[in-house]
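Below: the structure, in structure tokens.
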Amino acid sequence: MRMIDLIEKKRDGLALSKSEIRYFINNYTAGEIPDYQASALLMAIYFNGMNRAETVNLTLAMAESGDMLDLSDITEYAIDKHSSGGVGDKTTLIVLPLVASFNVPIAKMSGRGLGFGGGTLDKLESISGYDVNLSEDAFRRIARESGMVLAGQSKSLAPADGKLYVLRDVTGTVASLPLIAGSIMSKKLAAGAKGIVLDVKLGCGAFMKTLEEARALAKTMARIGVDAGRDMVALLSDMNQPLGVAVGNALEVAEAVRSLRGEGPADIHAHCVEVAAHMLHLAGQGARWTDLAATRAEVDARLRCGGAFEHFRRMVAAHGGDLAQIDDLSRLPQANLRYTYAARENGHIAALLAEKVGWATLALGAGRATKEDEIDHAVGIEVHAKVGDSIAAGDALMTVHANDETSLQAALDELRDAVHYSPAPVEKLPLFYGVIDGRDF
Ligand code: URA
């Protein structure tokens, strides 16, 4: 087989066979195909797309380019979740202990953030001592002993994706549906899950800006999972405004802890109940949690009464994290400066743009512009109002937590047009726009 033939085939709009896709992935991972040829193929895929079989073959080839985790010593049915990422999205920190509190073991690998804010690992590292870099033995031991583990993704998981993502990033080929779906799903399939709940965000603070784009991505990912023999559900959720109140690493850990004690903001509470209910619905495999509405009510009651908090504590302790910071949230990293961002007008909030809040938290130092950047765990923004709320000029809309005047000013510049006002009442934004169930395919 020759790489030039694959490039020409895809350039001319033809479908690549399973063996051609394997040839590309295996040889590129092994360093035997130069970046210029891989880039040309990626660009041809970007313009001509991939059909369903090609997309699945690409995803499986990437998943199988490294270790495929077998979690059968931990649980018969491994359940996982994935969020396509957004501003204030601390869902994993709440949902995982919540699901584990129903005696469903959770062994999850998560990523770091690049872009607006920290990823789940960065958030957890706000807790002193929390070790995300576990050996496979430690990962399995903690999962067996604590019923829950949440650690960094092993380098041996889907190495083809890691290598290709770097190339896509510098060749203008990230925004391709089969390449995004294949990239995300290859890591999920390699991480050993049998059932996967996808939380696909849409709106100005998300990768996918419109409902149509998000639905197309969700369907593509769910089809890949179904074709690979997994149970799949994809939720389409709002990311036009931040989720919850807190945006920033330690602030989000504190909000997750409050939510787990039953004292969280209403939107993050409802969002997590929905995700966890779908996870249990899948994990029950038609024998338990068969009625989604009843499961939702059970999960809601568990979160409200603080019944999942102990599972979070147990996980933090197993990872070496400082429990004193979880029990007394004032011990988490705190920023030096607090600035109150006040409403400029009387009326109703018409928009509180997640994207602008995201860039502002990046300016404060809560995220990474490049992989090498250090994260400041203490900084971030709290949003005290949501779209549809009525406000009066001078009301506190946000609190900005900064560690120096320069980054505070940079954040305020980003926030200048973040809030839109309306004299007339405005409808609240929905949390969810739809569900795609793999069983319907
Ligand atoms: N996240 C991923 O893991 N891969 C993509 O291609 C886009 C988002």
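Counting starts at 1 for both ligands and their atoms, in listed order. Positions are given from 1, in the same order as the sequence printed here.
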Less than 4.0 Å between a side-chain N and a carboxylate O, is that true for [Y] and [X]?
{"X": "R314", "Y": "E310", "result": "no"}
{"X": "K10", "Y": "E54", "result": "yes"}
{"X": "E145", "Y": "R141", "result": "yes"}
{"X": "R2", "Y": "D5", "result": "yes"}

Just which atoms of ligand 1 are under 4.0 Å from any heavy atom in S183? 2 (C), 3 (O), 4 (N), 5 (C), 6 (O)
Ligand 1 atoms nearer than 4.0 angstrom to some heavy atom of Y165 are 4 (N), 5 (C), 6 (O), 7 (C)
Return yes or no for this condition: an N or O of R168 is under 3.5 Å from an N or O of ligand 1.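 R168 vs ligand 1: N/O contact under 3.5 Å present.
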Looking only at protein heavy atoms, which one is nearest to [atom], and how far off is it?
{"atom": "atom 1 (N) of ligand 1", "answer": "I184 CG1, 3.8 Å"}
{"atom": "atom 8 (C) of ligand 1", "answer": "F207 CE2, 4.0 Å"}
{"atom": "atom 3 (O) of ligand 1", "answer": "K187 NZ, 2.5 Å"}

Go through the steps for S126 and N249 under the test side-chain hydrogen bond (donor to acceptor under 3.5 Å, both in side chains), then give the verdict. CA-CA 6 Å; S126 308; N249 299 284; 5.2 Å; no
Indicate whether the side chain of D67 and that of S156 have a donor and an acceptor atom separated by less than 3.5 Å. yes
With a 4.0 Å cut-off on heavy atoms, is V174 touching ligand 1? no
